[in-house]
Every structure is written in C-alpha cells, then in structure tokens.
Amino acid sequence: MTHQLHELMRDSLDHCVKCTICETYCPVAAATPLFPGPKYVGPQAERYRGGDANADASLDYCSSCGICTQVCPQGVKIAEINSQAKAELAQERGVSLRDRLIARPTLAGWMGAPVWPVANWTTSFGPFRLLLEKVLRIHRKAPMPRWAGRTFQSRTRARRRAPNPSAPQRQVVFFHGCAANFYEPGTGAMAVQVLEHNGLEVIIPKQGCCGLPLQSNGQYDAARAYVRRLAAQLAPYARAGHDIVATSTSCGLMLKREAHEILGVDDDDLKVVSERMFDICEYLVMLDERGELNRDMQPVDMEVPYHAPCQQRGHGVGTPAMELMALVPGLRASQVDAVCCGVAGTYGLKAEKYDIAMEVGRSLFDQVRASGAPLSVCDSETCRWQIAAATDRPSVHPVEMLHRAYGLG
Amino acid sequence: MRGYRTILVERVDLGQGTTGRFHGLLHSGGRYVVSDERSATECAEESAIVKRIAAEAVEDTGGLFVTTPADDPGYADRFLAGCLKTGVPVQEIPAAEALRREPRLNPGISRAFEVQDGAVDAWKLLWGNARSAEEHGARILSYHWVTEVIREGDRVLGVMARDNRAQEMVRIEAAFVINAGGVWAGEIADMADCPGVTVVPGKGIMIAMNHRLVRTVVNRCEHPGDGDILVPIRTVCVIGTTDVKADSPDDYSIDRAEVQQMLDAGEVIVPGFRQARALHAWTGARPLFKDERAGEGGEDTRHMSRGLALVDHLRRDGVSGFLTITGGKLTTYRLMAETVVDAMVEQMGDARPCTTADEPLPGSEDGRHYWLGSRLAAQEEAMADDQLVCECELLPRRKLIEAARRRPGMTLDDVRRALRLGMGPCQGGFCTYRATGILHGLGDAETERADELLLTFLQHRWLGLEPILYGDQMRQACLDDWIFQGTLDVEHLPVAVPA
C-alpha cells in the first residue's frame, strides 16, 4: 500500500505543465537561493529519482509547508512528492542525532517536565544555547517553548473517561497534542472551557505524539509507528461516535489526512479517527452553523492580526478562526498577508535554516509589528512561538480570544 | 584506430536517421533467441562489449522477460532453451520477485526471466564514437549529401557530396569507400552501379512516457511482436514498437492506429498505462537487408533477419574499392564496423587488426555507467550561478553556450540531439525561446535565422506531439500554444514558416 500510494503521488507529476505558480508562492524559494523551488525538486526532479542514488541534497531545504500542493492548479501533489523524496534521502544519507531529537517532542517533553525550572533556565541560558548550536546544530536564537511543569495529561486525569456510545453527541474528545501537554497547558485548558461553555462534555483520553515532526524530518518508519499508536488510542472513541477536536492544527491534519496521504498508513483505526477529526475552530464554526454555538459574548475591544498557518490551510476549510473572531463584539481581526512564518515545525530550529526561516517570516513579522496590536493570533503552536519571538509580543490560539469573549478567563 | 585517414560523410546531422530513432534498448539478445539465433548471439556478445567501451552512454538497467496473461505460456520454455543455445545469459526468477522489483508490472505474469538488457543513449554513443574517430584523425562532414559515387572502370575512387550548409559541391577521393548508409544504403549502391541491394525500411513507432514506469527493461516473453518492449531510458520510458514496411526511408509519418496499438500494448505490460502521460511519438526505419540477387522473398518485415549484412561488391558486382554494410542493429553497430573494415583490409591486402572492442570511447575510460540522477547531481553543483535553459532536461545555459561556440550554426534540433533541449514534459514550451535568444545573443543566429530556428524547432516538436494529444500532454500543448501563439505571436514572425 505504501508503495502504491507513493506511486500515485509520483504519478501526479504527469499533470505538471511547468506553469511555475508553485514557485511564485513558495516562501522558502523566495527567501534563499539554496532551495531551487517546489517545481524543481518536485515534478521536475522526481523524473530523475528512483535510480540507485539520490542526487539532490538541496531538496532538504524544503520546509514541508505544503503551500505548493495547495496552489497547484493542475493537481500535482508537489509537497507529497518532495516529502517522500526527503524521506528517501534521509534513509540513504542517515538521520542526524539533532533531527532524531527534535522530531520527538515527547522525548524533550518528558525530559524537561519533572525538572522544568532547571530545563527552562538552561534553554534560555545563552552559553548553553551556544553549546547546543555547536554540538547539535540547533540555532541559538531559535524559539523554544518553556516547560509548564505538570503535563496537561496529569492535570486532566479526571477527564480520562471511557467511550460512551449512548451519548456521543454531547461528548467530544479533545486531542491536545504534545504542545499543550508539555508547554501550553493553558491553551488546552481554555479549549476545554470553551467547549464546555458550549454545552459539550470533554473527554481527554491518554494520547501520544502523532509523529508529524518525524515525518517532516524524513523518519517515516518511526512516524508511522507513532501515528498508528495514537490512532489506536483514539479509535475506540471515534467508533463510539465521538468527534475529536484538536487545538494543534498540524497534528490534527496529520490524523485527518497526512498520515494516510504522505505516510501511506492505511489501517482502520486511522481511517475512523480521520473521519471524526476536526480542527477546533472548524468544529466551533460547525456548531455555529447548526445554531448550537453560544453567541453570548462580551466585547473584546481589540485589533488583532491573524495568521492562518500553512498546516491550517492544509485542512481546506477556509479560515474558521476569522469567522469565530468576527462573532466577538469589538474584536477586529485582520488576516496577515503572508503565507508562512518560516518555522514549519522544526525547520526554523536548525542552525543552517534559522536565517532562512526568519527571512521567510519577515513580511509576516513586519505586519504584526506594524499593526501595533498587543498580541497576534495563530492556530499552530510552533508558528506562535516563532511569531512571538520575532515580534516581541505574545501570539495566542484563536480559542483564547473566544475564551476572553465568554468571560471565562 | 587501424591507422587509416578517414572521412565520414553524413547527409544530415549525426543521429538524425535510424540511429537516433529507436527505443534505446541495448539488446541482451533475448528477443531473438527463438526466431533469429544469429542475431541473438551477436547481441549477447556485442552488448557486453558496448557496455564496456561506451559505459557513459549505457545504463545498466538489466532486463526482464515476462509471460503476461496475453502471451503463449509455452513460449517460455522455448525461450529458455534458446538462451542456452545462443549463449544469451538468462536466469529465471519467481514472478513474485519480478513484481517486487517492478510493482507496476501486470500482476498476472506467470513467469519471469532476468537478462542483461541495458538502455543506451544513442546520441551519447554517437558523440563518443565521433570524438574517438576525430582523436584518431578522422574528419566528419555532417550535412553533406552524397550525390555520386565516382567510378573508374571497376574501381570506386570516391564520392561527390553536396555541402548543404555552404551550398557547394565537394569531391572526396579515397582509396576505399564504405557504404554504411543504413536504410539509404541501396540508393548509394545504385549510384555505384551495383543494383539490387535492397534495404527495406521496416518502420516502427515508439512513444516516450513522461517518467519511468519501470526501472528495468521489460520484454514480453513471446515471439517478437509489436509493442512488447518497455525501456526505461534517461527520465522516460519508451514503449515500442511496430514493424511496417515503408515505401520510403524518409517517411516519418505516424499512423494513429499504431499509436493506439502501442498504448494498448503498454496496458498489457503495465496496467494503467493509458492514464500515464505520453510525451512524444516518433518513428524510425530499420534497415532490413534483402539481396535481390539472393532471391529471398516475402514482404513481412517482422520476420526479416536483424542480422548485419556485408555486401562484397568485388565478388558480387566485380567492383573493387567499395563495400556495403547494412542491416544490423544499434546493439551490433561495432561488429558491423569491424566486419566491414576487416573485409576492406582483406581486399587491400593490409591485415591490420581491429581494436574497437578493447579501446573505450572518450568519456567512458573509467567504465562508469550513466545513472539516472547524474544531471540532477551536476545541477546541484552549478545551481546558484547558472540559469536552466531547458528545465525538464536540466540543461544549463553554460552548456548551451559551450556547444554553440564549439559548433557554430547549429539548429535547435542539433542542440536537442547534443544536449536534449526540449525533450522533456513541456516539449520545448519554455526552452525554445530561451535557447533561440541565447544563440541570437551570442551572434550565432541573426534575427531572421533565429526566427527560423524557433519555428522549425516548434514544428518538429509538433510532429511528435500531434499524434499523442490526449490527457496531460494535451493540457501542456494548450499552454505552450498560448505562449507561442498568444504571447509571442510566432505565426506572424517576418519569416516564412518552413515547410
């Protein structure tokens, strides 16, 4: 199956007419000459692959943001082709210790959580970061989240309930992802409260990492193992009829689509989970469309720039965050005119790519700064960390704005 | 290599005829083990030599013979016996193993045999040979059209040729003339008043698909028939071919029915073949020798021998200083040369031994074969500071400029044969005007000539596109058409559209 899917993605290269639209949208190609662009490394170079050796290391500069596939008018699965080729390259040339580490957020999460004050001190301690850059090639200025101490899982142990086929409508499962678990339990908590405020009971089952960072670092086998394990954890709930809601838009997308389309995972657990998986803003807008969203909101008098991250765009659901924020009286959200913040999960952390990532995000950062707003809004955690670090102001998940409007905070 | 001063006269560009118009298969010989044993043995021996002396032009893909559900299951045993008898290396492998190696293959195959097929880039092979010849002192006169074979009594003294570029006649006197005119060899023999050398053009069409659907050469394990070979060569794979007696060797027309036949044939080897993108179709004419004096009948070109044919005009016509070599295959090109030159030295009483089987061609000294990613690897080095003229074929500007300086006055088809300009998915959609502009900028083509180069190239590309316009290639052709007609308005350039 994996192979068949690969061939199917590869076959889509036949649709390329070289119109170059992907290259004009690619944020990385615009930022650095080191990346020859999605058309080049995608449908063009793919015709030269499949022999004994892979020849184009420049492919590694692709950040996997996926914009190319989204903008291609001919239906070429450019990002998917590139992702596959990157995995092959990684397999052939070996994966560095750095890439193994940063692709496993649970590892760093569990290492730092019990000793969080020390861990936070070290990651903000200049000489240590310099050492980290020298030894592991993680850029000294790259944004790093701060450990929150107790994990979100342990804080919400009371919500770890069994699936309940009799009342699935009123009960949703919250998939919080690694970010909320280790670094942003506050975002997770706000999401739970917002869902509850809308009359939903929230179940938080035991759950692991979706494997997305492994996938974007070319470690497909490990990524498949991770996502299968997670799908197995969530599948009983999906089978019982519970919808699953994610605050981490990229991890949600992994379960919804990418694990199947890029990794070729094709098991029943994943299938049933993907059908029940919703990005939280998408879900709340759906509630609103059914007239079930609580519209009783307090004014939040504020102008905020909103960035729809690449992975959120990958859901293909428009910008539900903008629709939600439009419901909040006084809140004036405007969408930033930029495609990518540059970090692309773990890309911007790497010493050799940090500058590229900053260049990719430059226009976005400028617009956020120019807005004068005290904060910016974005659905994806790694993007928020990148934007916050680059603009010296917090960047928050859209549910936080709803949370404020509901007067829950 | 044997120390003679030689001149090669070619009527157009090297490789414009049959040599450059085939599917790229370096035959292991397996194809002929039952029907044409001599050719099978020749192919087996020669392909091993070519892999050695022209490593750079060959990709060692390996090959498979597979029994598809459409094939006679009884043929496989005869095939195996034939391989043993003719010395063609073969090994049967489980069908499941063949499917593991080639996942797109028809899952219904029942038997599979591994052979030593390869893929050979005809042009690279030609340039290698040409360079080697020049290094040994030969002169190559391309675009020289032989108009007369000069005879004095029973001796051939040389030829008259028309230089089609300088528009002048050239007289070449030689101690010996070898007629290696391929499908045109009969015409040249006629000029020497040696009639009856009939070379039947066995026309075949081939279609290149946009990317490799298989990694190894796949042959159907069946009596040689139409469309039973799929050859991965460079970035494409080529399905071929048909075999129809043509009236003229210069007939390059492509019959629609044959295109459909090839696509159907592709489906048998790789189900879903028709959904894949076809890039370009072309035809080539095999030189199938039939000596009227030997009285071999029949018009069915499929069953005529692929073996090489040496015509000794001294013995046959009483004419000395003149030999014809024809028939054969690209795989046996070297053997053909050896055979005819051996005959020449014998006639001249000057026994110098042949060394072509031992001396590698320039560029192939290290014995390294072509590999698929090589242009990608080269581009990786040059990326930042060189423009790609042809994106599909990864042809950088620098290479085009070097070639133009080396060989002034090239047409874009010459550039294509040398550097693969315009041979990829967009079929010249984006590179044609770039290359024309660069040649013009170099001073190699004045405005009018540049316009003509562009139009001629587009027209030639179109010949191979028009028969396969469907699906993805149709969309490409539309975009290309908008560029050339809509944006550049090429039909109103101030030059005549070449006929």
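What you see is a predicted model; the values in this text were computed from it and never measured. Order of the sequence lines fixes the chain letters, A, B, ..., with proteins taken first and strands second; residue numbering starts at 1 for each chain. Atoms considered below: every heavy atom in the structure, side chains included; atoms not considered: hydrogens, waters and symmetry mates.
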Report task. Identify which part of Leu34(A) has an atom lying under 4.5 Å from any heavy atom of chain B, answering side chain, backbone, both or neither. Result -> neither

Query raised in the report: Is it true that Arg416(B) and Glu393(B) make a salt bridge, defined as a side-chain N closer than 4.0 Å to a carboxylate O?
Result: no

Report task. State, to 0.1 Å, how close Glu380(B) and Ala57(A) come at their nearest heavy-atom pair, and which atoms those are. Result -> OE2-N, 3.1 Å

Query raised in the report: Should Lys271(A) and Asp268(A) count as an ion pair when the cut-off is N to O under 4.0 Å?
Result: no

Query raised in the report: Which bit of Leu479(B) comes within less than 4.5 Å of chain A, counting heavy atoms only: side chain, backbone, both or neither?
Result: side chain

Query raised in the report: Is it the backbone or the side chain of Arg215(B) that comes under 4.5 Å from a heavy atom of chain A, or both, or neither?
Result: side chain

Report task. Can you tell which part of Leu279(B) gets under 4.5 Å to a heavy atom of chain A, answering side chain, backbone, both or neither? Result -> side chain

Query raised in the report: Any ion pair linking Lys399(B) and Asp386(B) (charged N to carboxylate O, less than 4.0 Å)?
Result: no

Query raised in the report: chain A: which of Pro425(B), Cys478(B), Ala377(B), Cys426(B) shares the most heavy-atom pairs with it under 4.5 Å?
Result: Pro425(B)

Report task. Answer yes or no: is there an ion pair linking Arg274(B) with Glu267(B), defined by an N-O contact shorter than 4.0 Å? Result -> no

Query raised in the report: Given the options Arg212(B), Met209(B), Gln473(B), Arg104(B), which has more heavy-atom pairs under 4.5 Å with chain A than any of the others?
Result: Arg104(B)

